[in-house]
Every structure is written in C-alpha cells, then in structure tokens.
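Below is one structure, written out as structure tokens; the observations come after it.
Numbers restart at 1 for each chain; the letters A, B, ... are given by sequence-line order, proteins then strands.
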Amino acid sequence: MSPPLHDWDLAPPEAIALQTRLAPRVEREDRLAPVRHIAGVDIGFEQDGEVTRAAVVVLALGEKAVPGLEVVEEAVHREPTRMPYIPGLLSFREVPAALAAFEKLAVRPELVMVDGQGIAHPRRLGVASHLGLWLDLPTIGVAKSRLCGCHAEPGPERGDWAPLVDGDETIGAVLRSRRGVKPVFVSPGHRVSLATALDWVVRCLGCTKLPEPTRLADRLASRSF
DNA sequence: GCGACAG
DNA sequence: ATCTTGTCGC
C-alpha cells in the first residue's frame, strides 16, 4: 500500500479550497509525448452506490486499421464509496479509485480521456484535470452534459462544434460527435490545448456518441459480471 | 431568495 | 450514477 498523495476525504469547504490551490498547476498548453496508447477512464457503482468501481481501458493506435484503435489492456479497481456526488466536487469521489485502477496497468498511456469535465469547471479543476495532475499525464475531459459555461448550438454534422465560454474565458467546446445526437462537452484536462483535445476526440470517434476510449471504459465500469 | 448543478 | 416500459422518429 502506497501512502496517499494528499487527503481525499475532505469536507466540501476544504475540498473547494484545495481545488483553488491546485488549479494553477494545470497546464493548458500541449506537452505530450508521441501518442501510441490512449486510455479511457470511467467510474461505475455497485451495491446501491456503496461500492465504487473504476475501469480503465488502454487502446493502441493501429497503423493500418480504419478506426486504428485496438484494446491492449483493461484494469478494474473496487473500493468503498468515499463520498456522495456533489456538483463541482466529483473528483474527490472518483479520482482515488481511478488512480488505483491505473496502478494495475502494465502499459503507461501517453494520453487519457476521462468521463467528465477538464477545466470546464467553476474553479477550473474538473475530474479530468485533477486526475491528470496526479497521474502527471495529458488528459482530456469528455462529458455528456454541461457543468458550467455558455455555448451556441453546434452545427448538425459530426465534427461541428461551438466554443464553451465562461465569462471572458473559453473553457472547452460543445462537439457534435454524431448526427442527430446531443453534443458532448470536450475540455482540456491537463497538458493538452483545446485544439488538440478536440482533434483527439474526433479522431477516436467510432460510430457512437462517445469516443472509443471513454465508451469502452464506460462499458467496463457498468457491465455486470 | 431562486435556480443550476459533470457523475 | 442507477432504477426501467413504452414510445416517438427515421
């Protein structure tokens, strides 16, 4: 058992204060190694929410196949649920379990996609950013709905997007990942710019609403055994 | 005071 | 997140 990097079980006021201290550490410019493996992370719950299940799926970029993504490793970690869901404090509920799942991996991906927001967060520290900080890896947030910010309706075609703005700051993009479907909310997590985040999400799109890394992690996190 | 509110 | 049938639309 390795010691915790910091206290995760904090009361809301302390958790909020910690987010404010960590947010400046998030890097919004590209700082990525050549991407060969992309991981998708998601959290699911069992036993009426008593147990938290973190799932990570690692995909390798193919050299010829069309989607070009092949599953090379999967990891699951279960632990007692630490705290209830509180909007804005999601990372304190999910990141510890995600980190434990990552420790089981043999492969260290160069990029990680997380189910949730990156910097598109009231204090600019959504789950994707918080996780990226502790993994010290580039991360991208891909959320199914909005937490904060304003945006126009993106165009109808796959790949169409509109900026997600909060005040005078662009914090992400609302992306039409598939025709006729509700758009997804893409935001930089850590060490990735918005342009690069959008690029990777679009590149990882299969024929569904969610990019493959997140979709597969989603399936692994909620599938019953 | 009244909504809004990732998963 | 999770619990779940029918139903609306292409």
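When rounded to the nearest whole Å, the span between CZ of A/F185 and C1' of B/dC5 equals 13 Å. Computed from coordinates, the A/F45 CZ to B/dA6 P distance equals 14 Å when rounded to whole Å. As rounded to whole Å, 8 Å separates atom C1' of B/dA6 from atom CD of A/E94. Distance A/I140 CD1 to B/dA6 C1': 17 Å, rounded to the nearest Å. Rounded to a whole Å, the CE atom of A/M83 is 16 Å from the P atom of B/dG7. Nucleotide B/dA6 holds its C1' atom 13 Å from the CG atom of A/L125, rounded to whole Å. Following rounding to the nearest Å, A/L90 (CG) and B/dA6 (P) show an atom-to-atom distance of 9 Å. Counting to the nearest Å, the P atom of B/dA6 and the CG atom of A/D115 are 12 Å from each other.
The distance from the OG atom of A/S145 to the NZ atom of A/K182 is 5.5 Å, given to the nearest 0.5 Å. In this structure, OG on A/S91 lies 8.5 Å from CG on A/L22, to the nearest 0.5 angstrom.
Contact footprint of chain A on DNA chain C: nucleotides with an atom under 4.0 Å from a non-hydrogen protein atom, first to last in 5' to 3' order, C/dA1 to C/dT2.
When heavy atoms are screened at a 4.0 angstrom cut-off, A/D48 is found touching no nucleic acid atom at all. When heavy atoms are screened at a 4.0 angstrom cut-off, A/Y85 is found touching base atoms of the nucleic acid. Counting non-hydrogen atoms under 4.0 angstrom, A/G49 reaches nothing in the nucleic acid.
Within the 4.5 Å cutoff, no side-chain heavy atoms of A/R179 are placed close to those of A/R158. Using a 4.5 Å heavy-atom threshold, the side chains of A/H151 and A/R146 count as touching.
Salt-bridge annotation for A/D42 and A/R219: absent, with no side-chain N of the basic residue lying under 4.0 Å from a carboxylate O of the acidic one.
With hydrophobic clusters built from ILVMFWY side chains whose heavy atoms lie under 4.5 angstrom apart, A/V51 does not share a cluster with A/V95.
One finds no side-chain N or O of A/R146 lying less than 4.0 angstrom from the OP1 or OP2 phosphate oxygen of B/dA6.
Checked against the 6.0 Å centroid threshold, A/H130 and A/F92 count as a close aromatic pair.
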